[in-house]
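Here is the naming used below: chain letters follow the sequence lines, and residue numbers restart at 1 for every chain. What you see below is based on every heavy atom in this structure, not just the backbone, and it leaves out hydrogens, waters and symmetry mates. As the structure is a computational prediction, the values presented were derived from the model and not from experiment.
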Number of protein chains: 4
Amino acid sequence: MANKIKVGILGATGMVGQKYIQLLQNHPFFELTSLFASPKSAGKSYLEALNSRWQMTTPIPENLQNLIVKDVFDLQNLNLDLVFSCLDLDKNSILELEDRYAKAGVVVVSNNSANRSTGDVPMIIPEINHSHLDLIAIQKKQRGYKKGFIVVKPNCSIQSYLLPIFALINSGFEVQKILVTTMQAISGAGYPGVSGLDLIDNLIPFIAGEEEKTEQEPLKILGTIENEKLVLKSNLQISASCNRVPVIDGHSASVSLLFGEKKPTAEQILEIWQNFAGLPQELNLPLAPIQPIIYKTEENRPQPRKDRDLDKAMSVVVGRLRKCSVLDYKFTGLSHNTVRGAAGGGLLIAEMLFKLGYLKTSANQESN
Amino acid sequence: MANKIKVGILGATGMVGQKYIQLLQNHPFFELTSLFASPKSAGKSYLEALNSRWQMTTPIPENLQNLIVKDVFDLQNLNLDLVFSCLDLDKNSILELEDRYAKAGVVVVSNNSANRSTGDVPMIIPEINHSHLDLIAIQKKQRGYKKGFIVVKPNCSIQSYLLPIFALINSGFEVQKILVTTMQAISGAGYPGVSGLDLIDNLIPFIAGEEEKTEQEPLKILGTIENEKLVLKSNLQISASCNRVPVIDGHSASVSLLFGEKKPTAEQILEIWQNFAGLPQELNLPLAPIQPIIYKTEENRPQPRKDRDLDKAMSVVVGRLRKCSVLDYKFTGLSHNTVRGAAGGGLLIAEMLFKLGYLKTSANQESN
Amino acid sequence: MANKIKVGILGATGMVGQKYIQLLQNHPFFELTSLFASPKSAGKSYLEALNSRWQMTTPIPENLQNLIVKDVFDLQNLNLDLVFSCLDLDKNSILELEDRYAKAGVVVVSNNSANRSTGDVPMIIPEINHSHLDLIAIQKKQRGYKKGFIVVKPNCSIQSYLLPIFALINSGFEVQKILVTTMQAISGAGYPGVSGLDLIDNLIPFIAGEEEKTEQEPLKILGTIENEKLVLKSNLQISASCNRVPVIDGHSASVSLLFGEKKPTAEQILEIWQNFAGLPQELNLPLAPIQPIIYKTEENRPQPRKDRDLDKAMSVVVGRLRKCSVLDYKFTGLSHNTVRGAAGGGLLIAEMLFKLGYLKTSANQESN
Amino acid sequence: MANKIKVGILGATGMVGQKYIQLLQNHPFFELTSLFASPKSAGKSYLEALNSRWQMTTPIPENLQNLIVKDVFDLQNLNLDLVFSCLDLDKNSILELEDRYAKAGVVVVSNNSANRSTGDVPMIIPEINHSHLDLIAIQKKQRGYKKGFIVVKPNCSIQSYLLPIFALINSGFEVQKILVTTMQAISGAGYPGVSGLDLIDNLIPFIAGEEEKTEQEPLKILGTIENEKLVLKSNLQISASCNRVPVIDGHSASVSLLFGEKKPTAEQILEIWQNFAGLPQELNLPLAPIQPIIYKTEENRPQPRKDRDLDKAMSVVVGRLRKCSVLDYKFTGLSHNTVRGAAGGGLLIAEMLFKLGYLKTSANQESN
């Protein structure tokens, strides 16, 4: 235990915080030592602070039940190497708070959207753009951070289609237009979140802010660092329609693509997906799916309840690849929104940071 | 009653047949006198033939409960002017059977897909292409039908987007490309239809044959009659992704459109939809919605459970009109699949046929 | 219109208030002239005050959309004969407020639980205990009300079983014990109410306060007036387990009964239910179901979605009568919780009050 | 591997068969070597025989995908020690088939109801009545079985309440009457099973044959062996109402109990449940839950989606213990119907048989 990275969770009583707790149990790299929440929860035991809001289907780890929750705004005596940030606060408060933690020498892996468009904050999908971690040095220099820095993960809604599309781009097939209709699970809205009266015998064709994120975030993730700046990908248009459907976990997407002049055959696409692997697979990270993109050959798959949990719920599951008569190809994508799309995605970033040497235990540093 | 058109239902025990029964109660033009089903149901009372499969939320009309069900293959002593055909049979059997009824002097309004691609059979959405009824004379001549003929209604999946798009085309704005993702209700699959295990906490990204119908049928409906032949609309590409979602009634669609050179403003689109009316409205048909296209201004509408029943469940409800960054505009459409998209759509055709003089009571004819 | 009773709704933006609005459209006795809500809604148009919370599946009546909502605490210039009270306030505030309206000369028909255990306030199911309306004179005398008074309707959870049981008691078969497990719809919890995360692939075996109401309220309804006081029914024990299930509307109940020494046969029970009618049926009230108790003979009925709307959603639908090996008989009951169990039940009381002469228009009174 | 018990599954393509496959992966005692299904599946690979009906959320084990499915009626060359029997056949066929397998020297652990009322076949819940395994010797003698014999597990509907009640009986508190209302998950009906049209915004107050099983099977499980015969428990009346609710997995039950003269306090009940352990716990069987009865103190638990998976989905989860005003106490019980209530319950029996020496590998026997 002595050499494990000490981690905390900012927003530990929310759904994403709970999922982090679940995923961090017995983690080989990380030791969860601090739970942070709003001032009104601070000072209570975690069990008390939860107030019956635990939504995971495994029990609350016994060692955490009586852990005293800390005030997220109080950065005294942190004794932490890294925090996972998943806060229910307004944008400005989050910007300020994540900066304070970084200043205090803590690495911030953030699930919040506040810093996603910040120029010197890399937004990472580990299999796609680990090269953007080069922004960390720039960020530290610009902001005067010593040990800490901020990294964000993108929105859950893009996970089900961006990785399969990146795999094609990465194989030399430029993608120019993406038209995507998402059918998103309700766990993304937290608890209590969406009313049951909106979900039984119903769906909602709107999720506030979601279409903007779905259209803009990929341009940063697929961007390049030029002259110490991240330049957004150009020549790619994305149009998204985001729907909320009565599914607990797992965002589905009907996706259409237009390639540039060089167009792959369907066989090539399937082969690229089948063989795709990224840095998390090379590094053999604990939460990395063995096969990041799983193609289901049955004509009626992927389905959320049946496919979302494949490979630790970290694989993107695709199916139904076929010609599109308006663009070039269409397919259905699925990813688990609270694992791959939230806490799992954040944890995978942290695992990569660890393996690449971006994280050091306080103990190690102290000994230096 | 004496002057009402005598109608029957082919396939009276199925879901669409049940919906016809519900809609035909106390109808001002039509009198339901015969119920047809498979040979194994024939000879039983309708109540007995149903065998507890009644799915409507209003009771079985008392006068029908003890009506003896007829064998759909036995055309002796029909004494009928019109039949609504909604059969659970293979394509060839339906083609043969609908032809036999037409030959027997009965007008066939069909919900089946068998005759939808038949050249001399008009496929009608009353607000769009009543001019295609001119095919009836051609059909009668070609096939030697005297009094009978066949008209079909199109698939339920296109109802939620084709009427709003037609309204725009009709106002002079050519549409070149349509990319549509449907989220379809389960009542379309009949009873028992889709398994509960596929619908709780789940959706299915596939409906057999549905994408093909969704892409092809509009080309016929928007076609023109030239030299006594129906010519499919050219210069229009449609790409559809059809999903089954846990909703009882009401097909939703996320739709993107590309116009030709002349592009409307959003205000123009809303005005066109607001003011749209077709022949059913002019003729004041009993089942015609007063406003065929209802635009909801709330950002999270239309929703199936809350909006599907507007105006006798015959209106198409749209919302969320906005720019599309890949094509030109996008919006969400909704229509009630078993009313507007099935029995109601068929009945509206029959009402129009009656008002336009295509239907005559046997009594009238006999007296001629 | 001139002679209609002028009515208002206290709590017009909530779910029950909305259902009253829906039911009061074109009512032969009542004219809805005032909508009351919290001070923060007061002064806004009803449409604005709703803020997209309209949950009915029929549109907001056009004449009400721009009606200015009044502050429920401001009783100046009421110009009203009756109010339906369905407030989201604490018990004491409701007690005070209903008293103020009654003092102001307005008849209060209340859906709130605050006054249900008040000794001089009758709690009415019109088919059961209209004789309790005799408490009104006592109430007026005790409280010094002139024209106004307060009547309450009981909780939605008892509707699905109390009427069928009363019918048996009323036919001479004493009932001593009732053990009931309810499976209650979510509309009873209002909007947003129950979280979708608690309802998809789930149920909740608890509803706050519901078991107490289910066990106690019937004792008052079945009580008798002795010496100007309502005496609770003795010798009846009720035990309730209340569950929330993923159903929009319609409370179901599995019910077991123990009779006294005189026990009916199953045939007698069915005959009693079949022939049961109460004062609302005699008076032919507009919202009275023709048959208050409908017995479904199919072994798998009643079902909420399929049976809740029978006879204006005002009938109690029962089925599965059979022997109970612990008590005497068991059966399944169903009633529509927001119609029969809430607004419809309240409106039926008001209709009965009108027909029995308890309500007079201000116009009439002024002319006196 | 050499010393593992060789097991097969009769009915391997059904839901219960699939669950057995999932649970048997890497089992320390058992090696799954044979999959049996109907003659029309025989000769196909398991993948082919499944025909896309795999309903588990983990993948089909790779080593089984190409295993050739055997004809369940062909008992040539079995080379098996034990079969789990979960067949979709009529009662007589099952009786005959299970007898044939036993005669062929194979131990049959059956999930079917066919043999549950057979006098010499023990019906086992391992924590309750392992002493009934003494019937095996009697059965073998009576039927002339050499190595084989038949053991059955009871119906899924009784799992959520019988174990907690047995714990009380076992502690000296006689139970005389049980009134139970179940709310059962749909996975119990197999695939496709219950129609989605019966499950969205609905429930069904009936499951064929389920109330009879729920009322009768406990009398055998709680019975005693006297003079080589199993005598049903007397002085216990059970009354059940069984409902189907829109839940994937997990049967809930609202239960009321009447004790004999000696009545426990609530504290005693909680303590008995807390401390209960049976033979599976003593033997430390692989699938035995550490705590067979888990009491949830939150007032709104147990809930199916949130609690069914506790301790390998093998614990019975109870909550809401409180006084019953008709009988003595009431509570809510929950158990996972396809694990504890089906394949898991069967596998636990097999594990117990193995540990108690009832099962021997063919290899061992051959060497004797």
In terms of heavy-atom contacts, does NZ of Lys91(C) have more than 12 from other residues, nucleotides or ligands at under 6.0 Å? no
Test Glu215(D) against every option in Arg322(C), Lys323(C), Lys330(C) by the salt bridge (Lys or Arg N to Asp or Glu O under 4.0 Å) rule and name the one that passes. Lys330(C)
Heavy-atom count check: over 12 atoms from other residues, nucleotides or ligands less than 6.0 Å from Glu174(D) CD? yes
Would the number of heavy atoms belonging to other residues, nucleotides or ligands and lying under 6.0 Å from CG of Asn300(D) be above 12? yes
What part of Glu211(D) gets within 4.5 angstrom of chain C, counting heavy atoms only: side chain, backbone, both, or neither? side chain
Considering only heavy atoms, which portion of Ile178(D) lies under 4.5 Å from any heavy atom of chain C: side chain, backbone, both, or neither? backbone
CG of Asp328(C): more than 12 outside heavy atoms within 6.0 angstrom? yes
Approximate separation, where rounding is to 0.5 Å, of Leu327(C) CG and Lys177(D) NZ: 8.0 Å
Ile200(C), part contacting chain D, at a heavy-atom distance under 4.5 Å: backbone
Relative to chain C, which segment of Asn243(D) carries a heavy atom at a distance below 4.5 Å: side chain, backbone, both, or neither? side chain
Heavy-atom distances under 4.5 Å only: say whether Ile207(C) touches chain D with side chain, backbone, both or neither. neither
Keeping the roles fixed (side chain from Arg320(C), backbone from Phe206(D)), state whether a donor-acceptor pair exists under 3.5 Å. no
Okay, Ser241(C) and chain D: the region with an atom under 4.5 Å from a heavy atom over there is both
Name the option with the most non-hydrogen atom pairs under 4.5 Å to chain D; the candidates are Asp198(C), Val245(C), Leu258(C), Asp249(C). Asp198(C)
Can you tell me how far the CG atom of Asp201(C) sits from the CZ atom of Arg305(D), to the nearest 0.5 Å? 6.5 Å
Say you draw a straight line from CD of Glu299(D) to CD1 of Ile204(C); how long is it, rounded to the nearest 0.5 Å? 11.0 Å
Under 4.5 Å from any heavy atom of chain C, what part of Ile186(D) do you find: side chain, backbone, both or neither? neither
Evaluate the criterion side chain to side chain contact (heavy atoms under 4.5 Å, CB included) for residue pair Leu179(C) and Cys324(D); output intermediate values, then yes/no. CA-CA 9 Å; Leu179(C) 208 152; Cys324(D) 175; 4.2 Å; yes
Taking every non-hydrogen atom, the tightest pair across Lys306(C) and Leu197(D): CE-O, 4.0 Å
What is the minimum heavy-atom distance between Gln237(C) and Val326(D), and which atoms define it? O-CG2, 3.6 Å
For Asp90(D), is the CG atom crowded, meaning more than 12 foreign heavy atoms sit under 6.0 Å from it? yes
Give the member of Ala208(C), Ala240(C), Ala185(C) that has the highest number of heavy-atom pairs under 4.5 Å with chain D. Ala240(C)
Measure across Leu203(C) and Pro304(D) and return the closest heavy-atom pair with its distance rounded to 0.1 Å. O-CD, 3.5 Å
